[in-house]
Amino acid sequence: MLRELFQYRELVWALALKELRIRYKRSSLGFLWALLNPLLMMLILTAVFSTVMRIPVKNYAVFLISALLPWTFFSQALTYSAESIVGNGELLKKVAVPKAVFPVAAVISNSINFALSLIPLVLILALLRFPFHLTWMLMPVPFVALVLFTMGCGFLFAAANVYYRDVSHIVQLLLSAWFYLSPVIYSLDFVPARFQPFFKLNPMFYLLEGFRGLIYYGAVPSWHLVAASLLLGGIALLIGLVIFARYQDSFVFYV
Amino acid sequence: MFESQCLEPSIAFENVEHRYRVILERRDTIREAFVHWFKQGSHYKEFTVLRDFNLTIFPGETVGIVGRNGSGKSTLLKLMAGIFRPAGGTLRVRGHVASLIELGAGFHPELTGRENIELNGLLLGLSKREIAQREDSIIEFAELGDFMDVPVKQYSSGMYMRLGFSIAVEVDPDILLVDEILAVGDAYFREKCLARISGFRERGKTIVMVSHDTALIEQLCDRVLWIDAGGIAADGPPRDVVRQYLQAAASPNPASLVSR
């Protein structure tokens with residue numbers, strides 16, 4: 001399956017670019033939406049949580065966006081990849097093409113979107129005169145872990161969605177619950193000590209913490225954290241791949 | 001070199017079994033799955049479309065397939081194309097396959113004809129470089145003029161088919177699978193397509209085509225298979241097989257088709 005994917009890498013790339021092109025083609029602002037979306041989201045959340053809820057965090061906007069951007073990537077990439085097999089069902093019945101190209105393309109197109117969303121992040125930091133830490137350069141490390149994890153979940157839900165169409169609804173529900181249970185709008189320090197162990201069971205805790213450390217605290221992540229997040233990503237990908245590979249031959253009967 | 005290629009079949013089915021799942025009562029939701037789980041019923045029915053199916057096609061053969069609707073013709077083609085995996089037996093296909101099972105299957109309506117050439121070519125297994133080399137001849141063959149830069153959702157079905165055919169034949173496959181696709185398109189383009197298919201034949205490529213147009217089959221093929229109820233009812237020279245098939249089809253008792 002991996003060899004097939006490599007063989008069709010040009011197709012994967014073309015599909016990813018196509019998805020982006022289609023997403024922004026008919027809108028007059030075009031690619032600006034990729035920048036505006038996280039910006040608006042951040043403005044709203046910052047207003048609510050630093051002004052209304054008064055979360056006592058300095059530079060809350062930066063604190064928030066440093067975890068919000070990777071979260072948004074995760075949630076969008078998962079939504080797109082979960083739909084990717086069912087959405088391309090007609091095609092799968094007519095063309096012999098490795099099925100894995102679709103969820104992978106969905107994750108790649110959202111990775112490009114993530115890279116674009118770093119532009120407003122830079123703007124906000126510049127505007128707030130927040131220092132750019134050298135640790136930014138390490139961003140690929142938590143990102144790789146996050147991509148692996150997202151890809152694994154994407155394979156899993158894409159396969160499940162073929163058999164049970166409820167999966168796309170469940171994914172949405174899961175994502176909104178997951179958002180509040182993950183340290184995006186808050187950090188682990190806000191959680192009462194006796195609940196903290198439960199919050200540490202959440203893979204997203206490790207995956208998002210790396211980003212916040214690099215951008216907000218300017219700290220090099222501990223090797224514990226790096227190892228934990230890469231391991232979680234690897235395990236998720238392995239599970240997703242095995243299940244996807246196991247069922248992919250019968251997708252064509254159900255899509 | 002040439003001799004060994006001749007001996008080695010392009011397509012070989014050995015005791016192939018294929019089951020087709022038909023979802024009877026769709027378990028589209030988890031609630032239904034739950035209900036079913038308690039009822040202990042199976043949610044799909046498997047039809048065995050092919051059983052102990054044997055067929056060998058050699059390079060350079062042009063094979064036509066005739067048969068009634070639902071007899072397994074398209075399934076056969078989809079197995080050759082790799083869209084279905086056989087449930088049992090072995091199926092070997094040698095060489096690059098291009099399937100004209102449905103033209104323009106991967107077209108995205110919002111993209112222009114030109115943009116779709118690249119996407120479709122990649123879907124058919126070409127590399128970007130190969131597509132770039134072929135782009136001009138694809139555009140030339142399709143004869144769509146300014147429509148190349150219009151989103152394909154604004155194409156007529158004939159234009160859609162023209163572009164799809166042009167891309168698929170430019171893949172320049174070793175094995176060409178054709179499923180009843182020449183029905184659309186005007187007489188002029190149809191002739192062009194037929195000429196292109198004949199060209200394939202002359203260059204020693206393998207062609208397998210499914211059609212209800214028995215005259216066309218007789219004209220193009222040098223071997224015809226009559227498929228019935230998932231088995232080969234007849235295999236031989238076009239004229240003979242087509243005659244048998246038409247005679248059986250004209251007989252008042254359709255059951256005789258199954259029992260030959």
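Reminder, nothing fancy here: chain letters follow the sequence lines and each chain counts from 1.
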- How about B:Leu111 and A:Ile22: do any of their side-chain heavy atoms sit closer than 4.5 Å? yes
- Does the side chain of A:Leu15 reach to within under 4.5 Å of the side chain of B:Leu119, using non-hydrogen atoms? yes
- Task: Go through the atoms of B:Lys128 and report whether side chain, backbone, both or neither lie under 4.5 Å from a heavy atom of chain A.
- Result: both
Measure distances from [X] to the heavy atoms of chain B and classify the residue's part below 4.5 Å as side chain, backbone, both or neither.
| X | value |
| --- | --- |
| A:Glu4 | side chain |
| A:Val95 | both |
| A:Lys94 | both |
| A:Arg9 | neither |

Can you measure from [atom1] ([X]) to [atom2] ([Y]) and round to the nearest 0.5 angstrom?
| X | Y | atom1 | atom2 | answer |
| --- | --- | --- | --- | --- |
| A:Glu10 | B:Arg129 | CD | CZ | 9.5 Å |
| A:Leu17 | B:Glu115 | CG | CD | 11.0 Å |
| B:Ser127 | A:Gln7 | OG | CD | 11.0 Å |
| B:Arg85 | A:Asp249 | CZ | CG | 4.5 Å |

Can you name the closest pair of heavy atoms from [X] and [Y] and give their distance?
| X | Y | answer |
| --- | --- | --- |
| B:Ala81 | A:Ala96 | O-CB, 3.0 Å |
| A:Phe253 | B:His18 | CZ-CE1, 4.3 Å |
| A:Tyr8 | B:Leu122 | CE2-O, 3.8 Å |

- Filtered by a 4.5 Å non-hydrogen cutoff, the part of residues 69-93 of chain A contacting chain B is A:Leu91, A:Leu92, A:Lys93
- Query: side-chain contact (heavy atoms from CB on, under 4.5 Å) with A:Lys18: which of B:Glu110, B:His108, B:Glu118?
  - Reply: B:His108
Taking atom [atom1] as the centre, does [X] end up with more than 12 heavy-atom neighbours from other residues, nucleotides or ligands that are less than 6.0 angstrom away?
| X | atom1 | value |
| --- | --- | --- |
| A:Trp13 | CH2 | no |
| A:Tyr247 | OH | no |
| A:Lys200 | NZ | no |
| B:Arg196 | CZ | yes |
| B:Phe147 | CZ | no |

